[in-house]
Each structure stands twice: as C-alpha cells, then as structure tokens.
Amino acid sequence: MTVDSRVVPTIFTHTVVPLALGFALGRQAISPRMIAAGMFVSMAPDFDTAAFKLGIAYADQFGHRGASHSLLFALAVGMLGAIVAPWLRTTRWRALLFLAFCTASHPLLDALTNGGLGVALL
C-alpha cells in the first residue's frame with residue numbers, strides 16, 4: 001500500500017488537534033476560548049510564509065519551517081497563553097500546556113510529510 005504524498009497537513013487541517021482535544025476533554029477542562037486559541041496557535045507556525053515577502057529565503061533559519069516550527073517557539077506560545085489564562089477562562093498551567101501542545105503539534109505533523117526541506121524542531 002502506498003501513501004499519496006500530496007496528502008499533507010494544511011494550515012487549516014492543523015486545527016484538528018485542538019478541536020479533538022477540546023472534544024475529548026470536554027468544556028469543563030477546555031473552554032471554548034481555549035479551543036479557539038488552540039486552533040489559532042496550531043496554525044501560527046505557518047505564518048512564517050510572510051517571510052518570503054520580506055526576502056527571507058525558505059532555507060533560512062527564519063524561513064518556512066524554521067524557527068517558528070521549533071519546540072522552543074511552542075513553549076514560548078504556551079508561556080504567552082499562561083499570561084492571558086484568565087481571559088481564556090482556565091488556569092495558567094492548563095493554558096501553558098494546552099497551547100504549547102497545540103503549537104508543537106504543527107511541526108510534528110509537518111515532520112511526518114516528505115515535503116520541503118524538513119522541520120527545525122530544535
């Protein structure tokens with residue numbers, strides 16, 4: 001059985017992770033605002049494509065699948081989530097863990113594909 005290499009995560013299919021987690025854990029654990037924030041941050045690493053307009057090359061460390069696809073970036077996003085946790089209607093730890101996981105899911109899913117030059121996880 002062969003896998004069609006054209007079937008890859010898109011910026012929109014990355015939102016399945018926070019949606020599935022929110023559904024599985026329920027509203028008591030993950031508020032609708034947290035799910036919305038998780039959907040946003042799961043797409044955020046691909047905002048690095050704006051770098052092309054700034055003349056930053058694909059293979060540059062700040063190019064596509066570069067620094068924004070790192071686990072450090074995911075942790076930083078989670079820490080920002082912890083700061084706004086009251087607005088997300090959750091605890092700081094839950095915001096940090098959920099949003100960091102949602103952000104990290106993006107490059108991990110990208111790493112499973114054969115497109116591009118790889119993913120800069122570290």
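No hydrogens, no waters, no symmetry mates; every other heavy atom, side chains included, goes into these values.
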Item to check | His106 (side chain) donor-acceptor with Ser42 (main chain) under 3.5 angstrom | outcome: yes
Next on the checklist: Can a donor-acceptor pair be found, under 3.5 Å and without considering hydrogens, that links the side chain of Arg33 to the backbone of Arg89?
Outcome noted: no
Next on the checklist: Let me confirm one number: the SG-CE distance from Cys102 to Met34, rounded to the nearest 0.5 Å.
Outcome noted: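 Cys102 SG to Met34 CE: 7.5 Å, rounded to 0.5 Å.
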Checklist outcome for this item: So CZ of Phe98 and OG1 of Thr91: to nearest 0.5 Å the spacing works out to 12.0 Å
Item to check | Set of residues satisfying side chain to side chain contact (heavy atoms under 4.5 Å, CB included) with respect to Arg92, sequence neighbours excluded | outcome: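 By the side chain to side chain contact (heavy atoms under 4.5 Å, CB included) rule, Arg92 matches Ala82, Ala85, Pro86.
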Checklist entry - Of all heavy-atom pairs between Leu99 and Leu88, which one has the smallest distance, and what is that distance? => result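 That closest heavy-atom pairing would be CD1-CD1, 3.8 Å.
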Taking distance alone, no hydrogens or angles, what donor-acceptor pairs closer than 3.5 Å link side-chain atoms of residues 17-25 to residues at least two apart or in another chain?
none

Item to check | Members sharing Leu96's hydrophobic cluster (side chains within less than 4.5 Å) | outcome: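 Listed partners: Leu75, Met79, Leu97.
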Next on the checklist: Is any side-chain heavy atom of Met39 closer than 4.5 Å to one of His14?
Outcome noted: no
Next on the checklist: Could you see if Trp87 belongs to whatever hydrophobic cluster contains Phe40? Use Ile, Leu, Val, Met, Phe, Trp, Tyr and a side-chain cutoff under 4.5 Å.
Outcome noted: yes
Next on the checklist: If hydrophobic clusters are built from ILVMFWY residues whose side chains come within less than 4.5 Å, do Val16 and Phe101 share one?
Outcome noted: no
